[in-house]
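In what follows, every heavy atom counts, from backbone to side chain, and hydrogens, waters and symmetry copies are set aside.
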Protein chains: 2
Amino acid sequence: MIIDDPLREALEREGHRMTAPRRAVWDVVSTAERHLTADEIAARVRAEHPDVNLSSVYRSLTLFSELGLVRESSLDSGGPAHWEPAHPDDEFHLRCRRCGKVDHHTGDLVGRVREHLEAEHGWVTEQVELLVTGLCPDCA
Amino acid sequence: MIIDDPLREALEREGHRMTAPRRAVWDVVSTAERHLTADEIAARVRAEHPDVNLSSVYRSLTLFSELGLVRESSLDSGGPAHWEPAHPDDEFHLRCRRCGKVDHHTGDLVGRVREHLEAEHGWVTEQVELLVTGLCPDCA
DNA sequence: TTGCTAATGCAACTCGTTCGCAATTGCGAT
DNA sequence: ATCGCAATTGCGAACGAGTTGCATTAGCAA
Ligand SMILES: [Mn+2]
Ligand SMILES: [Mn+2]
Ligand SMILES: [Zn+2]
Ligand SMILES: [Zn+2]
């Protein structure tokens, strides 16, 4: 018995069909221990469903992103995008240049950027992307 | 008489040659009123130097970026990169979703992120990329 | 002025992602 | 349960940004 099924809910809400490829892509992304590329997602999906095409993985990810289920992050410009379950903007990314690890960090800093721009400069902030690159405690 | 020529200085310092394509690319980027794609740079370069190839534009930009003269910013994931004269991290980007304009904003917020991560979490911060998307005062 | 090597133009290539289309399949209506 | 049809899929071809190999050109130190 699945008590909470955000995929099914989101698909029904917007009138999309529940399909095997979508289920499989969501299961992979939502249980992944790190950000994955479309290729990596396809590989994991194919362990259970060998016939799922890479195009369908891309199409699922694009749809999920519109539904607010996943987030695409282009950690390196050039090179494939990485995907992860959606999380709020103020949980930002820390990437270690040496070991490649990507951590998350939550703080009030993103909220402060928002407030400052709104109050002092009349900007309506919709999205804040913050990526910090450097050396993690292990690699420093 | 050119009083300050960062291009010539940077090239000589690292033992690279001063060439017409490099000069032209630098002139375009350093006087542009906004971030430009490689294609846009090539078009402007060709107004004066019709034979400069797009490959050379890419090669110049890559070199300039290593020399610390320009900065590549991937404002949209997917789609071409944009280039601009180098500026410090704490001068971050504000992009208007409606009119497309990209503003710069300087504040101590990026510095605070740096300090916090270093002091409290042992991360050595090397680079901070901050992109705020929303509505500018004119479009809000 | 010469000679050597870096840099260029050009075309072919890579690679992540998208697209067109015929075949399949989910699912509401019967 | 079955049907019908639009939504979705698999597949291969296409796309676009960026890169690369190579023969030719040109900067610059001697
Ligand atoms: Mn994340
Ligand atoms: Mn900028
Ligand atoms: Zn590390
Ligand atoms: Zn605007």
Check: S55(A) side chain, dG12(D) base, donor-acceptor under 3.5 Å: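 Checked by distance alone, the answer is yes.
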
Give the rounded distance in Å between these two atoms: [atom1] of [X] and [atom2] of [N].
X: L54(B); N: dA12(C); atom1: CG; atom2: P; value: 16 Å
X: R23(A); N: dT25(C); atom1: CZ; atom2: P; value: 18 Å
X: L63(A); N: dT18(C); atom1: CG; atom2: P; value: 13 Å
X: L11(B); N: dT5(C); atom1: CG; atom2: P; value: 20 Å
X: Y58(A); N: dG16(C); atom1: OH; atom2: P; value: 7 Å
X: R46(B); N: dG9(C); atom1: CZ; atom2: P; value: 9 Å

Touch class at under 4.0 angstrom, heavy-atom based, for R59(B) against every strand present: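 Answer is base: heavy atoms of R59(B) come under 4.0 Å of a base.
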
Out of dG12(D), dG10(D), dG9(C), whichever nucleotide has its closest atom nearest the side chain of N53(B):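 Output: dG9(C).
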
Pick out the pairs of N or O atoms, protein on one side and nucleotides 25-30 of chain D on the other, that lie under 3.5 Å.
{"from": "dG27(D)", "atom 1": "N2", "to": "R17(B)", "atom 2": "NH2", "distance (Å)": "2.9"}
{"from": "dG27(D)", "atom 1": "N3", "to": "R17(B)", "atom 2": "NH1", "distance (Å)": "3.4"}
{"from": "dC28(D)", "atom 1": "OP1", "to": "M18(B)", "atom 2": "N", "distance (Å)": "2.7"}

Side-chain donor-acceptor pair present, E84(A), H93(A), cut-off under 3.5 Å: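 Distance-only check passes for E84(A) and H93(A).
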
Non-neighbouring partners of R13(B) that pass salt bridge (charged side-chain N to carboxylate O under 4.0 Å, His left out), sequence neighbours left out: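 R13(B) satisfies salt bridge (charged side-chain N to carboxylate O under 4.0 Å, His left out) with no other residue.
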
